[in-house]
Amino acid sequence: MQDIDFGQLPYMLFADQEGRIYDHPYLRMAGAIGERVVAVHRRDLIPLPEFSKLFYLPDCPPIGLNPKTGRFMVVDSIEVDGRMIKPCAVAAFLEPGYVRTHLPAADYDHRRYYLPMWAYTAVGISRNDEYLGAGFQIEYCERWDPRNFDDIELVPAIEAYRSEVCSGTLVEHLTKCAMDHHCFAAKNLFLQRWEAPLPVSRGCNAACLGCLSHQPQGLFEASHDRLAFCPSREEIVAIAVHHLQKAEEAIVSFGQGCEGEPLTESDLICESIIHIRKQTGRGTINLNTNGSMPAEVERIARCGLDSIRISLNSARPEYYRAYYRPKDYDFEDVMESIKIACGVGLYTMVNLLVFPGISDQMEEIEALIGLVRDTGLNFLHLKNLNIDPAYYLERMPSSDSEAVGMKKMMEILKSECPNLELGYFNQPVKMGIRR
Ligand code: SF4
């Protein structure tokens with residue numbers, strides 16, 4: 001911490017139990033890398049992007065930095081407007097395209113709940129009343145810019161789509177996704193542009209700690225409704241063909257937050273792709289998957305898939321197993337799927353669910369470099385993992401490996417893997433990459 005001028009750091013934020021947010025009169029913002037509470041260097045702070053969100057963490061006192069002593073302190077009580085309150089820590093959720101560098105500094109020991117699934121990020125406030133979050137922008141993409149998702153256009157677009165293009169149970173489901181869950185991909189379907197979703201699966205062969213659509217233990221709420229039916233091939237094909245033919249930078253993707261694992265429906269996916277490609281060669285057909293079944297990945301690829309995005313929380317088997325809790329496959333199957341995908345010429349992406357203090361450990365970075373070199377991976381997404389920070393850390397194996405910081409991790413990957421693209425969003429397959 002020698003090179004940090006504590007007096008220049010932003011002030012700590014806190015909230016009362018009703019969620020009103022205040023800035024502390026003198027304590028400075030702290031952050032956390034894994035379980036380690038640290039000062040957040042100015043170079044890791046950005047003005048909070050406009051479409052970020054602020055949260056308060058009930059019953060979790062904030063931890064601030066005393067600029068005079070350089071010591072961190074848990075703030076259990078504080079006076080606000082003449083009364084003593086028990087303050088709660090405040091966190092931010094960064095706009096898509098930004099990678100979080102620090103977790104919020106909070107004492108989680110006395111709460112009796114787990115936080116819902118968001119990527120909680122350290123946040124403070126400057127002397128000029130500007131919110132500053134801990135992160136950096138890894139990719140800007142117009143196609144996922146929240147400013148381009150104005151719902152005023154959506155309702156008439158849904159009505160027009162349903163009367164003029166296609167209607168059925170899958171369109172009904174995606175209407176709910178667009179209207180109730182504000183899924184950008186579902187909105188794109190009706191706005192007839194960019195990447196649209198093709199959810200197909202009800203079941204899964206993993207039990208991820210942070211699964212968005214299935215939380216059987218009820219520790220926190222699933223944020224998406226899991227698909228409850230199997231769509232017909234005819235409806236999938238009709239939706240996909242229309243989208244691929246009409247949309248600019250068109251992608252259709254199997255594997256969404258509102259379903260299980262699409263590889264469990266590999267027959268349906270294969271048949272659908274064959275029928276789609278009989279009608280149009282335009283656009284990208286993509287599969288987002290856990291990559292658990294290498295033989296099915298190869299079969300789907302040979303039917304005409306263009307790109308694949310395989311999700312991982314770690315390139316280390318023990319960390320992978322602790323998060324995914326695979327039922328009838330193992331880490332090695334996922335590695336095999338990545339190799340096969342690259343080998344058969346799919347544009348191959350890994351969706352790495354990143355978490356400061358785990359993903360930036362040197363052991364992890366070395367494992368990732370090994371993965372990229374062994375497979376020839378094209379693109380690595382650095383996607384903030386949406387999960388209660390303490391819940392995740394409690395369940396990950398311990399390690400003495402030094403965490404070097406998320407920015408440093410990115411820099412090492414860039415210099416060690418010069419052909420690897422780093423970013424945040426699915427890419428339409430470019431001419432020359434598709435083989
Ligand atoms: S692989 Fe996907 S659907 Fe399956 S448990 Fe994990 S997050 Fe949920």
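The analysis underlying the following values was restricted to heavy atoms, covering all of them including side chains, and did not include hydrogens, waters or symmetry mates. Read the numbers this way: they start at 1 and go in the same order the structure lists the ligands and their atoms.
- Y324 places a side-chain N or O within donor-acceptor distance of the main-chain N or O of L312, the cut-off being under 3.5 Å.
- Counting only distance, with no hydrogens or angles, the side chain of E195 and the backbone of N188 share no donor-acceptor pair below 3.5 Å.
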Working for salt bridge (Lys or Arg N to Asp or Glu O under 4.0 Å), residues K53 and E95: CA-CA 8 Å; K53 299 175 192 297; E95 205 177 291; over 6 Å; no

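- Side-chain N/O atoms of N419 and N378 include no donor and acceptor closer than 3.5 Å.
- Note that atom 2 (Fe) of ligand 1 has no protein non-hydrogen atoms nearby, at separations under 4.0 angstrom.
- Side chain of R282 to backbone of Q245: a donor-acceptor contact under 3.5 angstrom is found.
- Just one residue in the list E259, E261, E265 forms a salt bridge (Lys or Arg N to Asp or Glu O under 4.0 Å) with R202, and that residue is E265.
- With 3.5 Å as the limit, one finds no donor-acceptor pair spanning the side chains of T289 and R309.
- Atom 8 (Fe) of ligand 1 has C211 SG as its protein N, O or S neighbours under 2.8 Å.
- Listed by atom number, the atoms of ligand 1 under 4.0 Å from E259 heavy atoms are 3 (S).
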